[in-house]
Asks: 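One structure follows; several queries about it will come next.
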Protein chains: 2
Amino acid sequence: MDRLLLRYFLAVVDTGSFSRAADLTRVSQPTVSSAIARLERDVGTPLFVRSNRRVELTEAGARLVQPARRIEAAFVEAQAALAETHAITTIRLGLASTLAADFVEAIVVACRALPGVRLELIERRAGELAALLDRGRVDLALGPLGASDTRRAIALFEEPYLLALWDSHPLAQAETIAAETLVDEPMLVRRQCEALPLVSQFFTARGVRPFMAARSISEERVAGYVRAGLGLTVMPRSLGAPGVALRPLAGFGLTRTVGLVLEPGEHGPGKHGRAVRSGVVDAIRSAISG
Amino acid sequence: MDRLLLRYFLAVVDTGSFSRAADLTRVSQPTVSSAIARLERDVGTPLFVRSNRRVELTEAGARLVQPARRIEAAFVEAQAALAETHAITTIRLGLASTLAADFVEAIVVACRALPGVRLELIERRAGELAALLDRGRVDLALGPLGASDTRRAIALFEEPYLLALWDSHPLAQAETIAAETLVDEPMLVRRQCEALPLVSQFFTARGVRPFMAARSISEERVAGYVRAGLGLTVMPRSLGAPGVALRPLAGFGLTRTVGLVLEPGEHGPGKHGRAVRSGVVDAIRSAISG
DNA sequence: ATCCATGATAGCTTTTGTCTATGCACTGTA
DNA sequence: TACAGTGCATAGACAAAAGCTATCATGGAT
């Protein structure tokens, strides 16, 4: 008998349904299902009668409710007792992989200045961050904002995607570069890039099917390849590096808005943690303007 | 923050030492060590000051003690609340692999007749059962008793190891069989047999180095091989099967005593479970005499 | 009769929990 | 001052747990 099992148990009791309990506790329905099954196996007797439309407690289940609540309360109390003094809150910050390293560095520095905050960084591709927020695995996510989830998002800045060339490339001086002039240029694939499908679509639509000289997960490495003259690529402006020239691609107006998204539920940081989180948000905002 | 972690925490508090806490909770010292480390990571602050000779609580640690005790008490209370009515106790019975199948079957039948008992069988080689008892992974172990652990053991019966031959084998009628007459006989290896080293020693000492026609984990399969005439083997009398003749080996007086060993600590079954366990012991005894 | 809602099951991956073996740091003794 | 002993930490391996997605089964509602 374990804290987690009892939590799911109580969630089922409170919602009257396995699926809703899963939503409440932010796990999948099979997770709740198997947790209850395990608890029943431990206890040696069924706790719920599953009729198809609703779930109700057995006698044994009913007997477990109050003790389970006391246990959960005792845990909460214990955590409160500790929070009372040491007052360190861990903020789990999800980071999109396509953020500039020095940019992230500045954020870390800004957050380290905050008292009572411990930062945990979780790097994922941009698309995966939303799921992490939903599952409550991170408290805050920093990355390009999709058009959809503008709900609890805080936009920080907007930037264009530009063509990256090495400094001495003939086209590096051009004001604007037409896709058609790039037919014979080798290109590099930034594998984590959220705009990757749009970029390749842009080129193929113009009959440009370049040789892909490299595909890499590492932004630093790609910048190095560009600088070394291995090929060109498209990247957000903030990823620019010394020795790499960034020029607009004619007809490619895509931009991205980088911002913060807050974890929605009431599960994440408690009322204290919430204040801490907004402190982190402020620190990040000022790190960017500064 | 989890029940298990708090248990180890309290054990350290109570014993004043990681190693003794490990003994108390019957896990290894590194287990306690890493559990405390994990708890401290969760909580965000050290709970113990490790000075080399003793371990003492930090302020945060001290603050956790009472809440942790309340939590553990609440769990115990919850389990008691359930035990009150449905009163099913699971008895984990360790079984040596070299017990006859029908013998085990009789035991299971006898135990199923007991009310409020759920039997969980854990099959291991004889040598591994002692460790399971020590770690509190089983409540009761049934198998050959070693000379050493006669402490809490209950002997049930004693039996010789005999040579197993197929019915129509020329030697099957002999009163006693001398090892030397077996020089050209293929033999079978019962891989789980606790007496294996002694048996092979017995033969090699007499210059008999037989061809091993098969080595198997399954007693049933070995019996089948003997019956089919693939080879001979040595087995405890109780493993005899129809179509298999058992004859004494001249000069091989080894016997084994099969018995029950009780789990020693106070961790295992509670005072209620203890009564149940002795019921199981009685059931097993009568299953054997019957 | 079909569809929808809801829980169970299967298969798979990641994380946790545990072990053994070994390292390191301090203590007390020769 | 060296050296054995004690006690916690670490490494590496492995098994079990806990999670997910995808799919199935079932029974009421349309």
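Proteins come first, then strands; the chains are lettered A, B, ... in the order of their sequence lines, and each starts at number 1. No hydrogens, no waters, no symmetry mates; every other heavy atom, side chains included, goes into these values.
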Asks: From CZ of B:Arg26 over to C1' of C:dT18, roughly how many Å is that when rounded to an integer?
Replies: 16 Å
Asks: Quick check, are the ring centers of A:Tyr8 and A:Phe18 under 6.0 angstrom apart?
Replies: no
Asks: To the nearest angstrom, how far is B:Asp42 atom CG from C:dT15 atom P?
Replies: 15 Å
Asks: Listing time: all N or O pairs from protein to nucleotides 25-28 of chain C that are below 3.5 Å?
Replies:
| from | atom 1 | to | atom 2 | distance (Å) |
| --- | --- | --- | --- | --- |
| C:dA25 | N3 | B:Asn52 | ND2 | 3.3 |
| C:dC26 | O4' | B:Asn52 | ND2 | 2.7 |

Asks: Quick one: is D:dA18 close enough that its OP1 or OP2 comes under 4.0 Å of any side-chain N or O from A:Ser34?
Replies: no
Asks: Using side-chain heavy atoms (C-beta onward) and a distance below 4.5 Å, is A:Ile107 in contact with A:Leu99?
Replies: no
Asks: Does a sphere of radius 6.0 Å around CD in A:Glu40 hold more than 12 heavy atoms from other residues, nucleotides or ligands, not counting ones at 6.0 Å or beyond?
Replies: yes
Asks: How many whole angstroms separate atom CZ of B:Arg41 from atom C1' of C:dG17?
Replies: 13 Å
Asks: Kindly state which residues belonging to residues 2-15 of chain B come within less than 4.0 angstrom of DNA chain D, counting heavy atoms of the residue only, listed by number.
Replies: none
Asks: Test of understanding: with side-chain hydrogen bond (donor to acceptor under 3.5 Å, both in side chains), list the residues that count as partners of A:Arg256, not counting sequence neighbours.
Replies: A:Thr98, A:Glu159, A:Glu194
Asks: Could you work out which one of C:dA8, D:dC20, D:dT10 sits closest to the side chain of A:Val27?
Replies: D:dC20
Asks: With respect to the side chain of A:Arg137, which nucleotide from D:dG19, D:dG7, C:dA8 is positioned closest?
Replies: D:dG19
Asks: If you pin B:Ala35 and A:Ser17 to their nearest nucleotides in DNA chain C, which one's is more 5'?
Replies: A:Ser17
Asks: Is the backbone of A:Arg124 close enough, under 3.5 Å, to the side chain of A:Ser97 for a donor and an acceptor to pair up by distance?
Replies: yes
Asks: NA contact type, A:Arg38, heavy-atom cut-off 4.0 Å: base, sugar-phosphate, or nothing?
Replies: sugar-phosphate
Asks: Answer yes or no: is there a donor N or O on one side and an acceptor on the other, between the side chain of A:Arg92 and the main chain of A:Arg137, under 3.5 Å?
Replies: yes
Asks: Check the distance between C:dC19's C1' and B:Leu132's CG and give it to me in whole angstrom.
Replies: 13 Å
Asks: Determine yes or no for a side-chain-to-main-chain donor-acceptor pair under 3.5 angstrom, with B:Ser33 supplying the side chain and B:Gln29 the backbone.
Replies: no
Asks: Just the rounded figure in Å: distance from P of C:dA10 to CD of A:Gln29.
Replies: 14 Å
Asks: To the nearest angstrom, how far is B:Ile36 atom CD1 from D:dT10 atom P?
Replies: 14 Å
Asks: Whole Å only: how far is the CD atom of A:Glu56 from the P atom of C:dG7?
Replies: 13 Å
Asks: What pair of heavy atoms forms the shortest contact from B:Thr15 to B:Ala21, and how long is it?
Replies: OG1-N, 3.3 Å
Asks: Any side-chain heavy atom of A:Thr25 within less than 4.5 Å of one from A:Thr31?
Replies: no
Asks: Please report, rounded to the nearest Å, how far the P atom of D:dG7 is from the CG atom of B:Asp23.
Replies: 10 Å
Asks: Mind checking if B:Val55 touches a base, just sugar-phosphate, or nothing, with heavy atoms under 4.0 Å?
Replies: sugar-phosphate
Asks: Touch check for A:Ser28, heavy atoms < 4.0 angstrom, all strands: base, sugar-phosphate only, or nothing?
Replies: base
Asks: Of all the choices, D:dT21, D:dG19, C:dC19, which nucleotide is nearest to the side chain of A:Thr31 once you look at every atom?
Replies: D:dG19
Asks: Taking C-beta and beyond as the side chain, do B:Arg152 and B:Leu133 meet within less than 4.5 Å on heavy atoms?
Replies: no
Asks: According to a strict under-4.0 Å criterion, is B:Ser19 in side-chain N/O contact with OP1 or OP2 of D:dG7?
Replies: no
Asks: If we only count heavy atoms from C-beta on, is the A:Phe48 to A:Thr58 side-chain gap below 4.5 Å?
Replies: no
Asks: Is the shortest side-chain N/O distance from A:Arg50 to OP1 or OP2 of C:dT6 below 4.0 Å?
Replies: no
Asks: Nearest of C:dC19, D:dT21, D:dA9 to any side-chain atom of B:Phe18?
Replies: D:dA9
Asks: Does D:dC20 have OP1 or OP2 sitting under 4.0 Å from an N or O in the side chain of A:Arg135?
Replies: yes
Asks: If you check every side-chain atom of A:Arg20, which of D:dA9, C:dT6, D:dG7 has the closest atom?
Replies: C:dT6
